[in-house]
Amino acid sequence: MVAKKMPAVSSAEAVYSKEKLLTMQRYVLRQDLLSALLEDGEIYTIVQADGLIDAFMKGKVK
């Protein structure tokens, strides 16, 4: 997988595990994509998860 820069997390933002994000209603239509993009054992904010989805969706097709 290509290394991606993650935005810094401020202490005021809620963080979630990959497993928790996959169960959120917000991502019900993106569970497969998030499962592939997120790393096991890492924590993410909603902004980071949305950013990874956006970056993937804007990627160029070879």
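- Interatomic distance, T45 OG1 to Y16 OH, rounded to the nearest 0.5 Å: 9.0 Å.
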Using atom types as modelled, flag every donor-acceptor pair under 3.5 Å from a side chain in residues 21-38 to any protein atom, sequence neighbours excluded.
{"from": "T23", "atom 1": "OG1", "to": "K20", "atom 2": "O", "distance (Å)": "2.8"}
{"from": "R26", "atom 1": "NH2", "to": "D50", "atom 2": "OD2", "distance (Å)": "2.6"}
{"from": "Y27", "atom 1": "OH", "to": "D50", "atom 2": "OD1", "distance (Å)": "2.7"}
{"from": "Q31", "atom 1": "NE2", "to": "L22", "atom 2": "O", "distance (Å)": "2.9"}

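- To the nearest 0.5 Å, atoms CD (E39) and NZ (K18) are separated by 7.0 Å.
- Evaluation of the salt bridge (charged side-chain N to carboxylate O under 4.0 Å, His left out) rule for D54 yields no partner, not counting sequence neighbours.
- Looking at every heavy atom in both residues, V47 comes nearest to E13 through CG2-OE1, 4.0 Å.
- When all heavy atoms of Q48 and I43 are compared, the closest pair comes out as OE1-O, 4.1 Å.
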